[in-house]
Amino acid sequence: MTREAAAEIFERIALLMELKGENPFKIRAYKTGAEVVESYAGDIMQLARDNQLAGIKGIGDALRDKLHEMALTGKLEFYEKLKAEFPEGLFALFDISGLGPKKIAALYSKLGVASLADLRRVCESGEAAKISGFGDKTVVKILEAIAFREQHASVFRQDQVYGLVQSMLEQLRAHPSVSRAEVCGSFRRGKETVGDLDFLVATKRPEEVIADFVKLPEVNKIIAQGGTKASVYATNGVQCDLRAVSSAEYPFALNYFTGSKEHNVVMRQRALDRGLSLNEYGFKPSQEGGSVPEEAAEIYEEKEIYRLLGLDYIEPELRENSGEFDASEKGRLPKLIELENLRGVFHNHTTASDGKATLREMAEAAMELGLQYLGIADHSKSSFQANGLDEKRLRAQLAEIRELNAEYAGQFRIFAGSEVDILKDGSLDFDDELLAELDYCVASVHNVFNLPEAEMTARIIRAIENPHVTMLGHVTGRLLALRPSYAVNIPAVIDAAAATNTIIELNASAWRLDMDWRWWRLAAEKGVKCSINPDAHSTRGLQDVLLGVRAARKGWLTRKDVINCLPLAEVEAALRAKER
DNA sequence: GCCGTTTTCGGCCCGACTGTTTTCAGTCG
């Protein structure tokens, strides 16, 4: 069993206990346990198998035994019994914004609501509004939340599929009859979420490869299986399609199945303009009696298809038919940022607020990743829920950082910052005097999400105009497929950032990827710099920068647009650019 | 269920907002 699966079971135990009205502290212990399992720096499942879990904070006797059982048997008796007390569909109700355990328990016990469909029915029929604690407004909100949820029903964040993609690709590439394999579709294009996964292989024995594909351990259910393609559901619920083509067809199929649909339409039109018809198998003459030029018959790489159509190679992330053809024709495609360009990371949390690792552990993890610097930005005092730091604790952390920096002298640098709350009126949670003592400051909205657009925009711009705000955190507050962005005028925010030399964060957490890639070209054109921030709450969380880089590439950004590509010697000046 | 320089019991994060109420329960961050 993977650590993700074990953490998920602890989380579900917590949900079920909430439904049963169990001791809230017991529930919290399971939630904490899930977080520890998820973010532990080390192979916690191996430790669980070997019974070596003693001394891990947050894992006591009970959770230790349960982890051991899961690691050994792949199951947990305790959870199976608990789960059997409630219908499976109840879990989906927790994803409805505004519904918590008490309301779900009431709906279940009073009206027998056991699924999203049931929930919609009792809301529409008026039954729900009659339950004590429910009213008309609650019902309207629930129906709105169901609609939002359904729009995003089969949507998966990258962290939910990344491991699956790597593992399936690895197994496909290792197959003796497979010469090449790749993942296509929206995943290859670096979209923030995906609906399904499209795999492609080049092989001379398609049926054999497909027969082995549907037997992979990650496959939960076969939807369809034929001579050249198969569709399955993976254990985490993602639909995975596999197409098997010949080696000669492979570059064409790779291009076709990567999309986007709109990009493909332009590609085929360009081919027609050259007397060629393009599909997923290759070039053909577009008219009878026509011919295919020699170079079109000898294509091995995707790049050569673009060249034949008079284009520079277009990276998959840019294939949205949003200007890439024009730039490609003119030789003006950007040289996209790469993971290796990053020299450091800002906006990270420690145990001082709601992080799982200490300052020193975070610094050492960053060093191990080959980074030159690490920016800390723990929550400020208004974020009670996240154990935000008050002035005194922040100053203490500042002193601790100075000491560590003395120890690391020359090798590595920690930048002392704060993720300071933007209060309802746009003022900040700390006064200017304290902010001036920091190396940098990320300002973020964490509460009162329901302001009208004009007010929210003014609130954020007021924060941007503070000379000590180095960068703006997660601009829209969205949680992918879970909670929409609050109302905010992003072009106005970008203009304000440009006018004040304020950096905008690309929050690299798989849940956020905020600011959205669709806005980065505009921001870069206006001269706004980006900071790819992992918003790490654990040492493992630092690796989310990978997702941030993918989103930045999709936003046409180069290393010159991203301040944490700067070497240590230059980045400090960049942090001070605004104050100057 | 976890934890402990106040250690084997007693405490465990806090306040805003919303919608339902008529003083508060539930949800959220």
Side-chain angles (χ1 to χ4, degrees), chain A residues 9-11 13-37 53-67 76 78-79 82 93-108 110 123 128-145 349 351-356 378-390 393 419-425 429 444-451 455-456 473-474 476-479 482-486 507 509 511-512 514 535 537:
Chain A
I9 287 179
F10 280 162
E11 262 163 41
I13 289 173
L15 291 181
L16 291 167
M17 286 182 156
E18 285 188 311
L19 284 180
K20 295 180 75 170
E22 291 258 12
N23 176 347
F25 300 108
K26 198 167 170 177
I27 293 165
R28 186 187 298 165
Y30 277 97
K31 289 184 178 173
T32 310
E35 284 177 10
V36 171
V37 171
L53 288 170
I56 298 180
K57 204 162 152 29
I59 306 290
D61 294 351
L63 267 60
R64 185 197 60 209
D65 291 347
K66 291 187 170 71
L67 271 175
L76 183 62
F78 175 80
Y79 172 62
L82 189 61
L93 303 188
F94 282 94
D95 289 335
I96 299 301
S97 175
L99 277 193
K102 297 288 165 56
K103 284 204 163 79
I104 292 172
L107 286 162
Y108 175 56
K110 297 210 166 68
C123 283
K130 289 182 197 142
I131 304 180
S132 158
F134 288 64
D136 292 341
K137 285 193 180 174
T138 310
V139 167
V140 169
K141 278 198 154 185
I142 291 174
L143 285 171
E144 282 171 3
H349 298 268
T351 46
S353 66
D354 59 349
K356 298 284 172 294
D378 270 314
H379 287 285
S380 64
K381 59 181 188 273
S382 287
S383 280
F384 306 101
Q385 82 285 350
N387 190 26
L389 282 65
D390 59 17
R393 289 178 59 215
E419 182 181 16
V420 64
D421 268 24
I422 302 177
L423 305 179
K424 186 177 175 184
D425 64 354
D429 205 14
S444 310
V445 168
H446 283 118
N447 62 7
V448 199
F449 290 171
N450 58 350
L451 293 179
E455 258 178 79
M456 183 61 93
H474 44 74
T476 74
R478 74 175 180 189
L479 294 178
L482 189 61
R483 182 180 74 196
S485 151
Y486 37 70
N507 190 298
S509 157
W511 286 90
R512 297 187 182 271
D514 184 8
D535 197 356
H537 287 72

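Letters go in sequence order (proteins before strands), and every chain restarts at 1. All values below come from the heavy atoms of this structure, side chains included, with hydrogens, waters and symmetry mates left out.
- Rounded to whole Å, the C1' atom of dT20(B) lies 8 Å from the corresponding atom of dA25(B).
- Comparing the same atom, C1', in dT7(B) and in dC12(B) gives a spacing of 15 Å after rounding to whole Å.
- Identified under the salt bridge (Lys or Arg N to Asp or Glu O under 4.0 Å) test for residues 55-66 of chain A, with sequence neighbours left out: Asp61(A)-Arg64(A).
- Taking atom C1' on both dG11(B) and dT6(B), the two are 12 Å apart, rounded to the nearest angstrom.
- Judged purely by atom type and a 3.5 angstrom limit, Arg478(A) uses its side chain to pair as donor or acceptor with the backbone of Arg512(A).
- Listed by chain and number, the residues in a ring pair (Phe, Tyr, Trp, His ring centres under 6.0 Å) with Tyr486(A) are Phe449(A) (sequence neighbours excluded).
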Check nucleotides 17-19 of chain B for protein N or O atoms closer than 3.5 Å to its own N or O atoms and list the pairs.
unit_1	atom_1	unit_2	atom_2	d
dT18(B)	OP1	Asn450(A)	ND2	2.1
dG19(B)	O3'	Thr138(A)	OG1	3.1

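- As rounded to the nearest Å, dC3(B) and dT8(B) have C1' atoms that lie 10 Å from one another.
- A heavy atom closer than 4.0 Å to some atom of DNA chain B occurs in Asn23(A), Phe25(A), Lys26(A), these being the qualifying members of residues 14-27 of chain A.
- Residues Ala62(A) and Val139(A) each lie close to DNA chain B; by heavy-atom proximity, the contact nearer the 5' end of the strand is made by Ala62(A).
- Taking atom CG of Asp390(A) as the reference point, atom P of dG15(B) lies 13 Å away to the nearest angstrom.
- By the side chain to side chain contact (heavy atoms under 4.5 Å, CB included) test, Lys381(A) is found to be paired with Asp390(A), Glu391(A), Asp429(A), Phe430(A), residues two or more places apart in sequence or in another chain being considered.
- Listed by chain and number, the residues in a ring pair (Phe, Tyr, Trp, His ring centres under 6.0 Å) with Tyr108(A) are Phe86(A) (sequence neighbours excluded).
- Applying the Watson-Crick and G-U wobble criteria (two distances, each under 3.5 Å), dT27(B) pairs with dA16(B).
- Scanning for salt bridge (Lys or Arg N to Asp or Glu O under 4.0 Å) contacts around Glu455(A) gives an empty result, with sequence neighbours left out.
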Once base and sugar-phosphate atoms are separated, protein heavy atoms under 4.0 Å mark nucleotides 24-29 of chain B, 5' to 3', with B, S and - as --SSSB
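- Scored by the ring pair (Phe, Tyr, Trp, His ring centres under 6.0 Å) test, His537(A) finds His349(A) as partners (sequence neighbours excluded).
- For Leu107(A), the side chain to side chain contact (heavy atoms under 4.5 Å, CB included) partners are Leu99(A), Leu111(A), Val113(A), Leu119(A), Val122(A), Ala128(A), Ile131(A), Phe134(A), not counting sequence neighbours.
- Closest approach of Ile27(A) and Ala14(A) over heavy atoms only: CG2-O, 3.8 Å.
- The gap from the C1' atom of dG10(B) to that of dG15(B) amounts to 24 Å, rounded to the nearest Å.
- The salt bridge (Lys or Arg N to Asp or Glu O under 4.0 Å) search around Lys26(A) returns Glu22(A), not counting sequence neighbours.
- The backbone N or O of Asn507(A) sits nowhere less than 3.5 Å from a side-chain atom of Asp535(A) that would complete a donor-acceptor pair.
- Under the 3.5 Å distance criterion, the side-chain polar atoms of Ser380(A) are matched with a main-chain donor or acceptor of Asp421(A).
- Taking atom P in both dT21(B) and dG26(B), one finds a spacing of 12 Å when rounded to whole Å.
- Checked by atom type and distance alone, the side chain of Arg393(A) pairs as donor or acceptor with a backbone atom of Ala352(A) at under 3.5 Å.
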Check: protein-nucleotides 3-7 of chain B nitrogen or oxygen pairs below 3.5 Å:
unit_1	atom_1	unit_2	atom_2	d
dC3(B)	OP1	Gly58(A)	N	2.4

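- Taking atom CG of residue Leu389(A) and atom P of nucleotide dC14(B), one finds them 15 Å apart after rounding to whole Å.
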side-chain contact (heavy atoms from CB on, under 4.5 Å) assessment of Ser382(A) paired with Asn447(A): CA-CA 9 Å; Ser382(A) 287; Asn447(A) 62 7; 5.5 Å; no
